[in-house]
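Okay, structure first, notes after.
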Amino acid sequence: MKIHEYQGKKLFADFGMPVQDGYVFENMEDAESTIKKVQEDFNTEDVVVKAQIHAGGRGKGGGVKYSPNFDKALENAKNILGMNLITHQTGESGQVVRKVYVTEAFDIAEEYYAAITLDRGKGMDVFMVSSEGGVEIEKVAAETPEKIAKVWIDPLLGMKSFQARKLAYALGLTGDAFKAAMKIFVQMYHAYQSIDATIVEVNPLILTTDGRVVVLDAKVNLDDNALFRHKDIAAMRDLDEEDPNEVEAGKFNLNYIKLDGNVGCMVNGAGLAMATMDIIKLAGGEPANFLDVGGTASAETVKNGFRIILSDENVKAVLINIFGGIVRCDRVANGVIQAVKELGLKVPVVVRLEGTNAKEAQKILSESGVDIIPAVGMKDAAQKAVNAAKGN
Amino acid sequence: MSILVNKDSRIVVQGITGSEGQFHTGQMLEYGTNVVAGVTPGKGGQSTLDDRVPVFNSVEEAVEQTGADTSIIFVPPPFAADAVIEASFAGIKVVVCITEGVPVHDMVKVKKVVDQNGTRLIGPNCPGIITVDECKLGIMPGFICKKGNIGVISKSGTLTYEAIDQLVNVGLGQTTAIGIGGDPIIGTTMKDCIELFEADPETKGIVVIGEIGGQMEIEAARWAKENVTKPMVGFIAGQTAPPGRRMGHAGAIVSGGDDTAEAKMRILGECGIAVAESVADIGDLMKAAMEK
């Protein structure tokens, strides 16, 4: 799960990290009062107006504006709220800005990068910092990897002082700023651990002209599998930032991701679902979605999956590919028939059922009178679905 | 011969009285798996599944009373890490964790513990292991397998069944099939399994099925290039997966670099593994490789 910058900073602040603070508004009528409150509470004339969307690259896309005074801040707020922000992470369609964060502004002397994430290969969390902050870290990693310092943290020991020191040294800090950065790194690791984050990233972490180290941005992704023990964080979920069909699918424990093609697919198991998308492409078509109905597909899940696939207007054919293990194919077949009868058959449906009770399932389908296209094997199924989508 | 489990493995089922535990233990018994004990805290002293399996309060007790040496875990995600560590501390040698949705921070710690204790953990979020006609330690449908000499390793459940089905259709049976799981941190890697199959005299060929995300397939392929003498076939799912999106499995996400399907397929090929472009070609490729 992703959360907004302002939510991430709130979590960071709870762990003692010094953050660039501010307030959020969602309606233009609250803009004036929000800006004034930031100016008063933080005793500042200049503020920063920041679009809150889940994608990165907001600054480049025009979603973050330094505002030297109230009038300029209000003007920027007007422009940003409701804008369709397009960044390298939103895709071409962009993301509408529904929340605006007004924060205090700082005079920046230096910009750094700091992040913690899992190193899958080593099976340990890795803490990375770089003296090159404020820019895309992928670029730094590709061009000047020596400017990124890393420490790997033993999961049973946690982060040790010498590791925090190594990171602070790597930024070239001295004196009070060194001590402040070290403290921030320890707090950041504590936050990462405590909230079950999969990534925490601060870009930039800044050194102000008066020598303070401050968190200027916060990217926090959380482990969906651990949200059961973080009810407060789970409540931060912003459904406006997610695809409505994916949200709808989630309600039925279906794993759906919309893609750009026209062959809808419904498969049991994530690996087989990906392989089905791939073979559709090899057959000359484009998959319209990823949909894993899970290991216990019932008539009900099949019906819901069908409905979600068909809500995508691009879909010109549907391929159902089920390898019954624990799932019984005859039940899936009944689900398909029920779904087709209830929802109507707007597009051709190709069905491939293999495994437990596959023969019974084929019998049920052929005797049902429902107009589906049976297939044997994945190659046959993919080819039939692609042909059907092309109107052949 | 086979790897990891066989007819002599003495199985304890953790979470045996839950609905998943009940159903799948029944299926395992039906397959002929030597299930000797179950564990559900608070239900020790009872027996379950028509009195066929005694239930204990702890894995330690189950080991003491029945000599269990292998465990399978069906407990819910919040308790899965504790269950693995309990099995490890009780001296269990092979632990299969079926549970889907174990927090990754839990697994990072668990992995360190099982490695230190020398416990072989398979999973989590996996279909388990099947040694054909001897021991089904998992949730895969036993009837699709046929005894033979191909070892199968896969990150995904139903895709494993697909591969097994294709192998059987071209006349190739299996020694052991292992679903290693698709989470970011898993107990036993693809490379570990290849190493076991290479050392198993009965296994004559190896199928590896990977997917997008992580570096495991690449590590496995590079090791295989230097060490494996048996023919290998590989498939990578997710050629059409968009970057940055988690495709079902917590670990199946393209985050840049070598973790795309394309990059992995290229490297597998460079390491001498016959790569199936299409999932439908796995069986035929293995057959061709075995006939060489």
Side-chain angles (χ1 to χ4, degrees), chain A residues 89 91 118 120-121 123-125 138 141 153-156 192-193 196-198 223-229 255 257 259-261 267-283 286-287 290 292 294-295 321-327 354-356 377-382, chain B residues 23-24 27 77-78 100-109 111-113 115 127 139-141 143-144 154-162 165-166 182 184-185 209 211-216 219 235 237-242 244-252 256 261 277-281:
Chain A
Q89 285 186 5
L118 175 67
R120 288 171 66 169
M124 283 197 263
D125 294 314
E138 293 85 356
I153 301 162
D154 185 302
L156 303 182
Y192 172 82
Q193 278 287 318
D196 276 291
T198 54
D223 182 359
D224 294 342
N225 289 341
L227 288 175
F228 68 85
R229 54 190 175 205
N255 207 324
I257 294 173
L259 302 167
D260 297 328
V267 188
N268 66 329
L272 193 62
M274 279 190 276
T276 304
M277 288 159 46
D278 296 346
I279 202 168
I280 286 169
K281 177 106 177 172
L282 283 172
E286 290 287 342
F290 167 92
D292 172 12
N321 182 21
I322 303 288
F323 201 112
I326 303 314
V327 176
E354 195 55 72
T356 309
M378 283 182 69
K379 197 174 269 177
D380 182 45
Chain B
F23 176 76
H24 289 294
Q27 298 279 309
E100 176 178 359
V102 183
V104 68
H105 282 267
D106 291 3
M107 275 313 302
V108 170
K109 294 190 183 77
K111 170 88 172 152
K112 191 89 179 170
V113 171
D115 284 353
I139 61 173
M140 61 278 277
F143 76 91
I144 62 169
S154 172
K155 269 184 172 178
S156 118
T158 45
L159 196 47
T160 317
Y161 314 159
E162 175 72 34
D165 190 52
Q166 287 183 28
I185 298 289
I209 298 170
E211 60 191 25
I212 51 165
Q215 301 290 314
M216 185 171 289
E219 178 212 32
F235 175 75
Q239 297 166 47
T240 49
R245 300 302 309 270
R246 168 180 157 169
M247 306 303 278
H249 293 152
E277 286 274 328
S278 162
V279 63
D281 297 340

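Because the structure is predicted, anything quoted here is derived from the model rather than measured. No hydrogens, no waters, no symmetry mates; every other heavy atom, side chains included, goes into these values. All chains are named by letter (A, B, ...) in the order of the sequence lines, taking the proteins before the strands, and each is independently numbered beginning at 1.
- To the nearest 0.5 angstrom, A:Asn268 atom CG is 8.5 Å from B:Tyr161 atom OH.
- The part of A:Asp154 that comes within reach of chain B is its side chain, from C-beta onward, which places non-hydrogen atoms under 4.5 angstrom from that chain.
- Within the 4.5 Å cutoff, the side chain of B:Pro242 has no heavy atoms near those of the A:Phe290 side chain.
- When side chains are defined from C-beta on, B:Thr158 does not count as touching A:Ile322, because their heavy atoms never get closer than 4.5 Å.
- Annotation for A:Ala270 and B:Gly248: closest pair CB-CA, 3.9 Å, computed over non-hydrogen atoms.
- B:Pro184 has its side chain within reach of A:Leu118: a pair of non-hydrogen atoms, C-beta onward, lies under 4.5 Å apart.
- Looking only at heavy-atom pairs under 4.5 Å with chain B, the residue among A:Ile279, A:Asp125, A:Asp196 that has the most is A:Asp196.
- Here the CE atom belonging to B:Met107 is positioned 11.5 Å from the CG atom belonging to A:Asn225, to the nearest 0.5 angstrom.
- In this structure, the portions of B:Thr240 lying under 4.5 Å from any heavy atom of chain A include both its backbone and its side chain.
- Both the backbone and the side chain of A:Phe323 come within less than 4.5 Å of a heavy atom of chain B.
- B:Lys111 is not listed as a side-chain neighbour of A:Pro155, based on a closest heavy-atom distance of 4.5 Å or more.
- The nearest pair of heavy atoms linking A:Ala275 to B:Leu159 is CB-CD1, 3.9 Å.
- The shortest heavy-atom contact between A:Arg120 and B:Gly213 is NH1-C, 3.6 Å.
- Using a 4.5 Å cut-off between heavy atoms, B:Asp281 contacts chain A through its side chain alone, with no backbone atom that close.
- When the salt bridge (Lys or Arg N to Asp or Glu O under 4.0 Å) test is applied to A:Asp224, the partners found at least two apart in sequence or on another chain are B:Arg246.
- Interface remark: B:Glu162 contributes backbone and side-chain atoms alike to the contact with chain A (heavy atom separation under 4.5 Å).
- B:Val108 is not listed as a side-chain neighbour of A:Met124, based on a closest heavy-atom distance of 4.5 Å or more.
- For A:Asn255, the part lying under 4.5 angstrom from a heavy atom of chain B is the side chain only.
- Remark: A:Glu286 engages A:Lys281 in a salt bridge (Lys or Arg N to Asp or Glu O under 4.0 Å) (not counting sequence neighbours).
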